[in-house]
Amino acid sequence: MGLFKSKGVVYRPVKDVNLGSDSTEFYLQANVKAPRMTGILVKIFTWFLESPILGSLLFYILKGNNLIHKLITNAELEESPLFVPSHHFEDHKEQEVKCLDSALTPQEQVQLAIECLPTSSEKAHNETNPSFSRWTIMDYSRAYSSGDITPLMVAERFIAAINESSKPPLRMGFFINYNAEDILRQANESTLRYQKGTPISVLDGVPVAIKDEMDCLPYPTTGGTKWLHKERLCTDDACCVKRLRLCGAILVGKTNMHELGVGTSGINPHYGAARNPYDINKISGGSSSGSAAVVSAGLCPVALGVDGGGSVRMPASLCGVVGLKPTFGRVPHSGVLPLNWTVGMVGILAGTVEDALITYAAIGGEISSHQSSNMLTKINLPLLPLTKSICDIKLAKYGKWFDDCSDDVRLCCSHAMRKLQDHYGWKTIDVTIPDIEAMRLAHYLTIGSECSTWFDSFGEKHFAEFGWDARVALNIYGAFSGKEYIKAQKLRNRQLQFHMKIFAEADVIVSPTTGVTAYSIQDDALKTGELDYVNGAALVRYSISGNFLGLPAVTVPVGYDKLGLPIGLQFIGRPWAEATLIHLAFAMQVIEFLGL
């Protein structure tokens with residue numbers, strides 16, 4: 001294809017780029033040129049892609065039409081490649097926080113998190129909607145301690161609810177695998193501890209769901225496939241799961257996900273679509289679809305997900321819950337499928353900011369045996385009763401990017417920002433973030449190359465067992481070259497420098513979480529999956545820097561569109577500054593509760 005080589009962008013050195021509000025940098029909207037396809041069309045497209053001659057031509061055309069050649073393949077830039085977004089620890093002197101000792105156990109960290117909570121939080125949240133209320137972790141803990149209910153009673157009702165929700169007419173598709181006998185065993189052990197007056201922590205007896213991308217005994221880890229568990233046996237809990245188990249949580253099963261995490265809808269042709277509790281005919285978002293949906297439905301106060309390209313924050317936003325993605329390396333990744341090892345990070349989906357904080361305290365922190373003197377970090381927990389006293393917070397906003405969403409999302413998120421400013425007196429700084437579309441493509445190339453490389457270790461014997469949409473994704477991923485991967489990592493370095501310059505002036509970057517709200521599940525997508533790269537690009541538009549650059553980010557619900565579907569606002573923070581993000585998310589949550 002050398003005869004048809006297109007001219008690439010020549011990127012100016014970082015030092016010469018103006019990031020201020022008066023910048024002349026052009027905002028390039030996502031240039032996605034691919035029709036939505038399901039059913040027989042997906043199959044035909046897959047056959048063309050897998051054709052030796054037609055496939056190569058199609059890949060070349062797709063790369064060109066979607067600006068990969070111009071923005072990445074043939075681009076010229078002077079930055080060196082950054083292969084892993086590891087950040088040296090820097091103490092940002094966060095306001096109103098409690099610092100955890102690195103020698104603490106998960107149970108001890110959870111206890112300190114409880115001491116950071118406001119005393120009236122549970123009452124406030126349960127009154128936001130009198131017709132439906134989600135129980136918080138503290139609701140469970142208090143009810144167990146008082147003897148009003150027991151973990152065994154909760155487990156029995158949970159199992160009944162999952163059985164009912166799996167059948168027509170709901171077919172919610174929350175779980176890939178759950179084991180009633182194991183759930184009851186854990187619940188019985190927890191009940192006995194409460195009867196003896198010796199609960200392990202406030203998480204004791206609390207139902208927590210785990211995305212089927214991380215190991216959790218006694219379940220196989222499928223990654224949303226029908227074959228992976230046969231090739232890779234689950235022999236132990238993932239580190240984050242083990243920490244929750246040490247706190248006494250009831251691990252209730254493995255939640256549904258987009259196959260191998262390669263899509264944004266959460267429609268899995270093998271295990272069904274994880275449906276949105278706000279409207280069961282809408283997607284829940286991917287790839288941590290089941291985790292978001294089960295929390296949104298009120299069946300679990302907390303679930304774990306993995307965020308490789310907004311895969312925690314996106315479904316959290318679409319399902320109206322909180323989604324927290326910590327800094328790269330904050331939560332150990334052992335026992336998590338290495339689908340995308342430089343962009344994927346364990347994250348938390350929770351009904352409230354407080355529950356996200358408690359869970360973050362339980363699973364956060366390096367493995368002691370893996371700590372080195374030059375990578376020691378500390379965890380700060382936000383003192384939520386003092387959020388209102390935090391002063392001089394600066395919110396960076398890139399207006400053209402912020403407004404590149406549906407009218408409902410733009411108006412809702414803009415209104416939420418104004419309320420934050422009015423209520424807390426925090427300031428908004430107008431900035432420019434250059435080359436956002438190039439960053440999206442570089443991230444796509446990176447996550448795709450890493451997923452393809454990992455899958456290659458199993459050979460091609462299972463390729464025909466994938467859903468059709470996953471086959472298309474893996475074919476595209478395998479078409480990226482080493483040269484393109486290197487260029488993408490140079491763009492990673494460039495973007496990190498831009499973001500760190502912005503963080504020198506502002507505490508967080510604020511944006512909508514997704515560009516659109518949940519869209520409809522089409523019947524023809526249920527068996528084959530779907531290719532919808534236009535909606536996909538809109539869903540991931542604001543997520544990329546968190547993954548590609550390893551930055552912490554949180555989404556919090558701020559309202560609804562005209563159809564009553566949830567909308568989320570996102571805060572992206574400096575490396576290791578999760579406490580500040582949780583403070584801001586809590587501040588937003590309080591404003592929404594008060595109806596200011």
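Values below: all heavy atoms of this structure, side chains included; hydrogens, waters and symmetry mates excluded.
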Please report the interatomic distance [atom1]([X]) to [atom2]([Y]), rounded to the nearest 0.5 Å.
X	Y	atom1	atom2	answer
L441	I72	CG	CD1	5.0 Å
D212	E259	CG	CD	11.5 Å
I567	Y560	CD1	OH	10.0 Å
I447	S452	CD1	OG	12.5 Å
L563	D408	CG	CG	7.5 Å
E76	K490	CD	NZ	10.0 Å

Say whether, by atom type as modelled, one donor and one acceptor occur between the side chain of [X] and the main chain of [Y] under 3.5 angstrom.
X	Y	value
N268	G224	yes
T387	A587	no
S520	Q522	no
R440	A30	no
H92	P575	yes
N547	D307	yes
K325	G347	no
D507	T580	no
K211	V306	yes
S23	N18	yes

If you measure only the distance, is there a donor-acceptor pair under 3.5 Å linking the side chains of [X] and [Y]?
X	Y	result
N256	R275	no
R171	S165	no
T446	Q489	yes
S511	Q570	yes
Y533	R36	no
E94	N380	yes
K400	T432	no
E354	T136	no
T255	S291	yes
T428	K397	no
D469	H258	yes
S21	D430	no
N276	D279	no

Worksheet item: If you measure from the Lys or Arg side-chain nitrogens to the Asp or Glu carboxylate oxygens, is any gap between E484 and K63 under 4.0 Å?
Response: yes
Worksheet entry | Presence of salt bridge, K419 and D422, under 4.0 angstrom | no
Does the gap between the ring centers of [X] and [Y] come in under 6.0 Å?
X	Y	result
H69	Y60	yes
Y542	W401	yes
Y27	Y398	yes

Minimum heavy-atom separation for [X] and [Y], please, with both atom names.
X	Y	answer
V14	K501	O-NZ, 3.6 Å
V540	M314	CG1-CE, 3.6 Å
W426	I390	NE1-O, 3.2 Å
I280	M172	CG2-SD, 3.4 Å
S311	P315	O-CG, 3.1 Å
A396	I502	CB-CG2, 3.8 Å

Please tell me if the side chains of [X] and [Y] come closer than 4.5 Å, counting only heavy atoms from C-beta onward.
X	Y	value
S296	Y278	yes
V322	L349	no
K33	L67	no
D532	Y519	yes

Practice prompt. Fit a plane to each ring of F503 and H499, take the angle between them on a 0 to 90° scale, and name the class: parallel (under 30°), tilted (30 to 60°) or perpendicular (over 60°).
Written response: tilted
Discussion item. Would you say CD of E505 has more than 12 non-hydrogen atoms from neighbouring residues, nucleotides or ligands within 6.0 angstrom?
Written reply: no
Worksheet item: Got a sec: does the CG of D22 have more than 12 other heavy atoms crowding it under 6.0 Å?
Response: yes
Discussion item. Walk me through whether F174 and Y271 qualify under ring pair (Phe, Tyr, Trp, His ring centres under 6.0 Å).
Written reply: CA-CA 9 Å; F174 293 134; Y271 302 104; over 10 Å; no
Item to complete: Please say which of D355, I210, V294 ends up in a side-chain contact (heavy atoms from CB on, under 4.5 Å) with C300.
Response: V294
Worksheet entry | Partner of T327 under side chain to side chain donor-acceptor pair (under 3.5 Å), chosen from R574, H87, E578 | E578
